[in-house]
Amino acid sequence: MNHTEQFEKDLLVFGVSITERQREQFLKYYELLAEWNSFMNLTAITDFDEVMKKHFVDSISLVKAYPQISEKPVRLIDIGTGAGFPGLPLKIVFPHIQLTLLDSLQKRLKFLQEVIDRLQLGEVELIHGRAEDFAKPSAKREQYDICVSRAVANLATLSELCLPYVKVGGKFIPYKSEKTEEEILASGNAISMLGGRIEKQIEFELPESDIHRTLVVIDKIKATPKKYPRKAGLPAKEPLK
């Protein structure tokens, strides 16, 4: 039997409590993750307690940066979602959010569809493709209240991929695992060119651990110029300065 006491205790640190149904959904998510991970590479973290803390609790830590998510319906997009983090744990805890998950790998989306079906999650859209390709005005440009990403990329690169999706007045909140002072300073100009402004960064450790996390809160203050994002591959190869 998988015990969720520690997981639930960790969530309470963020002011989040879950129902019996949500507990079952997280357990099922873990089972599916372990099962699919046996034949495709979804995560290097497979231990039950570690998945609970480093994937599920970590995803839900967004409430530290955006507490409003607990009561208001928002359109949220998760860019480069991988195995569904942080988007799906947020959707389980806050079922009222309208969620879009974007990933470039079709087989990961098959896994995500399985999770969505088995957990009976409504209002989740899956997009197969690169972030650069769906930020066009005819697609998903400036349609979201919140964009999140746990993708590993330089903040300037990530901002070019993500800020075009955010409405003016919305927020882009990347998850960073290390202290990011220098990276944040270095990306300030790029973020400004893309229509964003760094509002704050929230540094903390995951409950009962020495795992450091930073959430960077970037406000979208004006429309992103049409020329961004540049064509696929360029934002990573030549980050804006």
Side-chain angles (χ1 to χ4, degrees), residues 13-15 57-72 74-82 85-87 89-90 94 97 99-102 130-132 134-135 137 140-206 211-230 234-241:
V13 174
F14 298 136
V57 175
D58 185 39
S59 293
I60 295 157
S61 70
L62 182 75
V63 296
K64 285 181 76 70
Y66 192 73
Q68 310 92 299
I69 197 169
S70 65
E71 73 265 351
K72 70 177 198 183
V74 292
R75 291 195 72 190
L76 184 146
I77 186 167
D78 177 3
I79 301 280
T81 186
F85 310 123
L90 287 166
F94 306 115
I97 64 180
L99 178 65
T100 299
L101 302 174
L102 182 145
R130 296 181 65 130
E132 295 96 328
F134 282 87
K140 301 289 180 181
R141 193 177 188 87
E142 295 183 341
Q143 289 194 10
Y144 294 91
D145 304 298
I146 303 282
C147 175
V148 291
S149 184
R150 281 207 327 170
V152 180
N154 167 290
L155 189 55
T157 299
L158 213 47
S159 296
E160 184 173 354
L161 297 176
C162 294
L163 270 169
Y165 287 89
V166 181
K167 290 175 177 171
V168 174
K171 293 179 192 296
F172 165 42
I173 306 178
Y175 290 57
K176 290 284 177 180
S177 56
E178 297 303 321
K179 289 185 161 51
T180 46
E181 289 297 323
E182 284 176 24
E183 192 182 339
I184 289 169
L185 282 171
S187 64
N189 191 48
I191 288 168
S192 174
M193 283 159 62
L194 294 160
R197 181 180 59 207
I198 296 171
E199 181 198 332
K200 59 186 170 185
Q201 64 216 65
I202 296 165
E203 297 194 10
F204 57 98
E205 262 143 25
L206 292 181
I211 302 163
H212 190 86
R213 290 289 185 254
T214 303
L215 293 170
V216 186
V217 183
I218 299 169
D219 289 329
K220 179 76 173 268
I221 56 171
K222 57 181 192 288
T224 302
K226 286 188 176 59
K227 61 183 170 185
Y228 302 118
R230 292 165 294 163
L234 266 182
K237 214 182 299 171
E238 298 169 19
L240 295 172
K241 294 213 167 33

To the nearest 0.5 Å, what is the distance between CG on L240 and CE on M193? 4.5 Å

Is E205 atom CD crowded by more than 12 heavy atoms from other residues, nucleotides or ligands, each under 6.0 Å away? yes

Can you check whether I79's main-chain N or O pairs, donor with acceptor, with S149's side chain at less than 3.5 Å? yes

First locate atom CD of E183, then atom OG1 of T214, and finally report the distance between them rounded to the nearest 0.5 Å. 9.5 Å

Is R213 reaching over with its side chain to a backbone N or O of S61, donor-acceptor style, under 3.5 angstrom? no

Just wondering, do L194 and E160 contact through their side chains at under 4.5 Å, heavy atoms? yes

Report yes or no: is the cationic atom of R75 (NZ for Lys, CZ for Arg) closer than 6.0 Å to the six-membered ring centre of Y144, at no more than 45° off its axis? yes

Which atoms form the tightest heavy-atom contact between P86 and P89, and what is the distance? O-CD, 3.3 Å

Between Y165 (side chain only) and K140 (backbone N and O only), is there a donor and an acceptor less than 3.5 Å apart? no

Please name all residues satisfying side-chain contact (heavy atoms from CB on, under 4.5 Å) with E199, sequence neighbours left out, ordered by chain then number. K171, V217, D219

State the NZ-CD1 distance between K200 and I184, to the nearest 0.5 angstrom. 13.0 Å

Closest heavy-atom pair, R230 versus L234, reported as atoms and distance to 0.1 Å, is NH2-O, 3.9 Å

Chi angles and distances behind the side chain to side chain contact (heavy atoms under 4.5 Å, CB included) call for F14, V57: CA-CA 9 Å; F14 298 136; V57 175; 3.5 Å; yes

Euclidean distance, I146 CD1 relative to D78 CG, rounded to 0.5 Å: 12.5 Å

Over 12 foreign heavy atoms within 6.0 Å of CZ, R197: no

Heavy-atom closest contact (G170 atom, V166 atom, distance): C-CG1, 3.4 Å

Mark yes or no for whether K220, through its side chain, and L163, through its backbone, hold a donor-acceptor pair below 3.5 Å. yes

For I69 and L62: C-alpha separation, side-chain torsions, deciding distance, then whether side chain to side chain contact (heavy atoms under 4.5 Å, CB included) applies. CA-CA 9 Å; I69 197 169; L62 182 75; 3.9 Å; yes

List the atom of A190, the atom of A156, and the distance in Å for their closest heavy-atom pair. CB-CB, 4.0 Å

L90 versus S59, closest heavy-atom pair with distance: CD2-O, 3.7 Å

Any sub-3.5 Å donor-acceptor pair from T157's side-chain atoms to P235's backbone N or O? yes

Taking atom CD1 of I221 and atom CD1 of I191, what is their separation to the nearest 0.5 Å? 11.0 Å

Mind checking whether L76 and V148 have side chains closer than 4.5 Å, heavy atoms only? yes

Whether D58 and R150 form a salt bridge (side-chain N of Lys/Arg under 4.0 Å from carboxylate O of Asp/Glu) is what I want to check. yes

P174: side-chain contact (heavy atoms from CB on, under 4.5 Å) partners, not counting sequence neighbours: L155, L158, F172, V216, I218

How close do E71 and P67 get, heavy atom to heavy atom, and via which atoms? OE1-O, 4.2 Å

Value rounded to 0.5 Å, distance of CG in L102 from OG1 in T100: 8.5 Å

Are the side chain of R141 and the backbone N or O of T224 linked by a donor-acceptor pair below 3.5 Å? yes

